[in-house]
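Notes follow the structure.
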Amino acid sequence: MSGNSARLKAISAVINYKPISEPLNFAETPSQEVFAQNVFSLAVMKQRLPKAVYKSLVQTIAEGKPLEMSTADVVAAAMKDWAIEKGATHYAHVFYPLTGLTAEKHDSFLSPNGGGTAVTEFSGDQLIQGEPDGSSFPTGGIRATFEARGYTAWDVTSPAYILENPNGTILCIPTAFVSWTGEALDKKTPLLRSMKVLNEQAQRILKLFGHDDGALVTATAGPEQEYFLIDRNFYLARPDLLNAGRTLFGAKPPKGQELEDHYFGAIPERVLACMLEAERELYKLGVPVKTRHNEVAPAQYEIAPVYENANVAADHQQMIMATLKRVAEKYGMACMLHEKPFAGVNGSGKHLNFSFGNASQGNLLEPGDTPHENARFLVFCAAIIRAVDKYASLLRASIASAGNDHRLGANEAPPAIISIFLGDQLTDVFEQIKAGGAKSSKSQDVLTVGVDTLPPLPKHAGDRNRTSPFAFTGNKFEFRAVGSNQSIAGPLVVLNTIVAESLDYIAAKLEAAVASNGVGDFGTAVQTILQEIMVAHGRVIFNGDGYSEAWHKEAETRGLPNLRTAVDALPELASPEAIALFEKYNVLSARESKSRLDVKLEQYIKEVKVEAAITAEIARTMIYPAAVRYQNELAATAANLKAVGVKADTAVLQSLTELADCLNQSVDELDLATAHEADDVLAEAEHIRDAILPAMNVVRSYADKLEGLVADDLWPLPTYQEMLFIK
């Protein structure tokens with residue numbers, strides 16, 4: 001395949017790629033020996049801490065009891081010794097600002113002692129609190145730029161870990177990040193608050209069912225991460241990928257994902273080597289990654305961990321994204337986490353598996369074999385039905401972004417309409433409840449394949465639905481609309497809080513019924529509240545095709561909101577209803593809620609404006625010059641043929657000239673749209689949605705048509721065919 005020098009060099013580099021290091025020897029060190037070896041885990045604490053200190057920490061982690069500050073110095077000393085034994089020279093308070101990325105500030109263990117030598121120090125105060133500069137992180141107006149003080153606070157519930165580097169290691173301490181006024185400037189603080197309130201309200205329900213041991217109810221999460229891998233040479237030759245994370249130009253290749261041959265196919269050798277090393281690194285960090293496979297689009301893959309404590313899962317998810325990017329570079333590839341790196345093929349999501357439970361009762365969303373008889377499960381499930389229906393707009397806002405707009409609602413991702421898939425069995429049970437009372441559950445059958453040598457397979461009581469944004473999958477719900485580049489903390493904050501509000505509502509009704517009528521009528525009270533919820537909120541249950549146009553019409557008749565774009569959805573983050581909800585449960589103050597809306601709108605504006613600037617630059621400096629060069633070649637050829645008396649076919653020249661002129665004009669129109677600036681961030685975001693993005697699409701349409709006309713040896717950008725299929 002030919003191409004200009006940049007493309008040729010990229011293709012040559014891919015074809016001639018050789019591994020830069022020896023393959024890992026998994027037989028020499030089995031994975032189980034590697035797992036969590038770089039984590040200051042409970043097992044390590046038990047070995048290194050006095051019994052009283054260890055017991056105190058376990059009570060904080062497992063039971064939610066307040067941290068005893070007197071133990072901090074002892075923990076810090078043990079943590080420092082452990083880290084130094086592993087080669088650490090520095091420690092870092094790791095936090096998660098409102099950028100959605102991971103931030104860290106490194107401090108050395110070494111301190112001069114005044115005699116020309118140095119000693120290693122790490123006190124309890126240093127473990128508990130850090131003070132990074134908070135002025136340059138987005139705050140949404142909570143802090144003025146000149147007010148720089150911010151604090152990191154040790155999160156004892158998420159274990160410290162060692163991050164290895166070729167030239168040394170760093171002790172990483174997960175922390176919350178708050179302002180001098182105590183307001184949350186991060187993703188972790190509201191998540192911890194929301195988990196606290198979920199536990200409080202779930203305890204009330206458990207107590208009503210006779211489970212009053214007080215075992216901490218913890219939200220659990222397991223996000224499935226989709227991503228793309230392409231050769232790094234192609235990535236560096238595409239200014240749009242480098243700066244925006246997605247291709248702003250690119251004609252559809254002759255072959256995309258139509259043959260469905262990539263999904264679950266054999267993983268290419270180089271990609272598999274990268275996956276294996278990434279998993280190895282994640283194992284060291286205690287991240288319980290479980291599955292890997294090819295996804296639907298060419299060059300698209302997935303990694304998924306087992307679900308765990310939601311706060312730890314959110315931290316681990318940040319590690320997964322960082323590790324994938326870092327290890328991909330080692331193998332000469334670029335890992336892309338944008339929701340839509342390539343038009344015309346599937347984008348990437350982050351399916352968030354969500355549940356909650358405790359040590360004594362297990363998973364509280366486990367229906368059992370006869371869910372119609374499992375009143376406790378039905379109450380918790382009904383709470384989620386009510387929460388998702390009542391706060392559908394807020395849930396939609398929690399996953400809204402410029403990147404996610406490119407996939408939500410397309411035939412590859414759930415629609416922007418939030419609905420719940422329950423499956424045949426649970427839908428039948430709740431319909432019975434709505435009609436007056438559940439008497440039976442559809443049984444789990446055995447699937448007979450019809451081949452004698454194959455065993456009978458247990459058949460679930462209902463199928464799965466990949467078009468649903470919020471689907472029950474056996475013992476948990478899967479929130480499928482989360483974007484691949486997104487922190488899961490935001491959606492978890494909303495899920496925890498809205499479920500807690502519903503549990504609060506149900507608990508109050510049941511407690512009042514018990515107080516009035518005694519325990520003997522508890523079963524009747526449960527049936528009454530379940531029926532009430534189904535009558536009021538059953539409209540959110542939909543088991544059909546979420547991609548169909550018919551569903552959009554039906555959802556409208558049901559009164560379900562359809563917030564099609566991020567700009568439509570984001571204001572819900574600071575709606576009066578959302579502010580009242582978060583304030584009631586001390587998850588976010590009104591100022592904190594409004595700050596998150598401002599930050600999200602600013603991120604949307606900045607992200608698309610960067611894309612618009614790159615669109616204009618590439619069109620003017622790369623695509624238009626290539627078109628002009630080919631235009632000159634065709635014109636010279638036509639003139640030469642005419643000079644010797646041969647009639648030249650100038651149809652291609654005519655089409656090329658028209659497209660080049662249209663491209664230039666469309667870039668000028670994009671410049672005019674981009675020059676607009678409103679004082680109000682929402683008005684500016686609306687202008688970007690309604691004017692700038694459409695103008696960018698017009699520029700792209702002409703450029704992509706030119707790609708099909710301009711001679712291949714003149715085309716300046718690596719093509720979709722090259723990036724997606726040359727491994």
Given 3.5 Å as the limit, does a donor-acceptor pair link the side chain of [X] with the main chain of [Y], or not?
{"X": "E339", "Y": "N485", "answer": "yes"}
{"X": "R193", "Y": "V587", "answer": "yes"}
{"X": "N475", "Y": "E366", "answer": "no"}
{"X": "D568", "Y": "T565", "answer": "yes"}
{"X": "Q531", "Y": "K434", "answer": "yes"}
{"X": "Q225", "Y": "H351", "answer": "no"}
{"X": "E684", "Y": "V681", "answer": "no"}
{"X": "S398", "Y": "V494", "answer": "no"}
{"X": "N374", "Y": "P367", "answer": "yes"}
{"X": "N199", "Y": "V217", "answer": "yes"}

Not counting sequence neighbours, which residues clear ring-ring contact (aromatic ring centres under 6.0 Å, His included) with [X]? List them please.
{"X": "F582", "value": "none"}
{"X": "H537", "value": "none"}
{"X": "Y720", "value": "F342"}

Using a strict cut-off of less than 4.0 Å between a Lys/Arg side-chain nitrogen and an Asp/Glu carboxylate oxygen, indicate whether [X] and [Y] qualify as a salt bridge.
{"X": "K188", "Y": "D315", "answer": "yes"}
{"X": "R539", "Y": "D389", "answer": "yes"}
{"X": "E577", "Y": "K390", "answer": "no"}

Those residues that, when tested against [X], pass side-chain hydrogen bond (donor to acceptor under 3.5 Å, both in side chains) (two or more places apart):
{"X": "Y391", "value": "none"}
{"X": "K476", "value": "T473"}
{"X": "E532", "value": "Y505"}

Quiz item: Between F542 and W551, how do the two ring planes meet: parallel, tilted or perpendicular, split at 30° and 60°?
Solution: parallel

Practice problem: Quick one: sort the H338 and H406 rings into parallel, tilted or perpendicular, breaks at 30° and 60°. | Solution: tilted

Quiz prompt | Step-by-step side chain to side chain donor-acceptor pair (under 3.5 Å) determination, T247 to D240 | solution = CA-CA 5 Å; T247 52; D240 46 1; 5.3 Å; no

Quiz item: Does Y307 have its ring centroid less than 6.0 Å away from the ring centroid of F354?
Solution: no

Exercise. Please tell me if the side chains of L422 and D428 come closer than 4.5 Å, counting only heavy atoms from C-beta onward.
Key: no

Exercise. Decide whether S348 and Q300 meet the rule of one side-chain donor and one side-chain acceptor closer than 3.5 Å.
Key: yes

